[in-house]
Amino acid sequence: MKARRLSASLRKALTAMQRKHKIATEWVEPINEILRITEGHDELIFEDGAWCMEFIAREGGLDWLLAAIARSAAELVAECPKVPLRICANPQCGLFFYDKSRTHRRRWCSMSTCGNRSKVATFARRHSPARGDA
Ligand SMILES: [Zn+2]
């Protein structure tokens with residue numbers, strides 16, 4: 001239920017941000033709820049050629065994921081409206097993400113999911129047995 005509430009609120013808030021509309025207090029409340037109940041810390045992560053902050057939550061099943069999502073969402077909302085909000089290039093994904101790369105040309109919500117899936121698909125095509133080099 002927490003997950004569903006968070007996801008519905010995020011959709012509304014991020015869509016509003018993309019359209020440069022105001023973010024309603026009731027959309028932010030589910031984010032704060034999760035931030036309140038989850039513990040974690042920030043770490044510097046090297047990604048897309050730049051160091052950036054990433055929230056590392058304490059392990060704990062689904063709450064771990066929710067905390068990371070809530071944290072990212074909170075950062076987005078806090079930096080609105082100058083935030084480089086983008087939509088993942090994977091058509092099956094459609095997630096919003098925060099383009100922290102220096103060039104602002106990041107294409108995937110996450111390199112470890114959609115980015116790699118795309119790379120693996122490209123690799124599989126290039127190295128398919130049909131070419132006789134398998
Ligand atoms: Zn994606």
Side-chain angles (χ1 to χ4, degrees):
M1 276 302 94
K2 268 185 291 180
R4 187 155 306 196
R5 245 165 75 73
L6 178 65
S7 136
S9 298
L10 284 186
R11 259 298 126 195
K12 286 180 197 158
L14 295 181
T15 304
M17 278 173 69
Q18 266 224 323
R19 295 176 183 164
K20 315 266 180 238
H21 294 165
K22 270 184 74 179
I23 294 168
T25 311
E26 67 256 36
W27 302 338
V28 169
E29 190 47 40
I31 300 171
N32 281 341
E33 249 169 55
I34 289 167
L35 290 176
R36 238 173 262 142
I37 57 161
T38 50
E39 294 177 85
H41 63 275
D42 287 313
E43 265 181 31
L44 282 164
I45 309 281
F46 197 73
E47 194 180 80
D48 294 340
W51 288 101
C52 54
M53 293 273 272
E54 195 165 295
F55 180 67
I56 311 293
R58 269 201 200 173
E59 303 289 332
L62 186 60
D63 280 351
W64 180 90
L65 188 64
L66 284 183
I69 293 167
R71 173 66 186 214
S72 302
E75 281 173 11
L76 286 173
V77 172
E79 284 192 47
C80 182
K82 58 183 162 95
V83 65
L85 186 66
R86 307 191 57 163
I87 295 179
C88 183
N90 175 4
Q92 266 113 58
C93 174
L95 277 180
F96 292 97
F97 67 88
Y98 178 0
D99 187 0
K100 285 182 282 196
S101 67
R102 223 171 305 162
T103 51
H104 295 300
R105 287 169 66 187
R106 198 177 130 193
R107 299 179 57 208
W108 318 105
C109 60
S110 158
M111 206 54 218
S112 57
T113 56
C114 289
N116 277 348
R117 229 170 270 156
S118 165
K119 274 186 183 167
V120 167
T122 306
F123 184 88
R125 278 195 295 278
R126 282 198 199 123
H127 298 264
S128 68
R131 285 185 49 184
D133 56 2

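Every number for a ligand or one of its atoms is a count from 1 in the order of the listing. Computation of the quantities below employed the complete heavy-atom set of this structure, encompassing side-chain atoms and omitting hydrogens, waters and symmetry-equivalent molecules.
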Listed once per pair and sorted, the ring pair (Phe, Tyr, Trp, His ring centres under 6.0 Å) pairs that draw on residues 1-51, sequence neighbours left out: Phe46-Trp51
Heavy-atom side-chain proximity of Ile34 to Arg5 below 4.5 angstrom: no
side-chain contact (heavy atoms from CB on, under 4.5 Å) involving Cys52 - partner list, sequence neighbours excluded: Glu47, Lys100
Other residues, nucleotides, ligands: >12 heavy atoms within 6.0 Å of Arg4 CZ: no
Near the Zn ion (ligand 1) (under 2.8 Å) - protein N, O or S atoms: Cys88 SG, Cys93 SG, Cys109 SG, Cys114 SG
Leu95 vs Ile87, side-chain contact (heavy atoms from CB on, under 4.5 Å): CA-CA, chis, key distance, verdict: CA-CA 6 Å; Leu95 277 180; Ile87 295 179; over 6 Å; no
Counterpart residues, side-chain contact (heavy atoms from CB on, under 4.5 Å), relative to Thr25 (two or more places apart): none
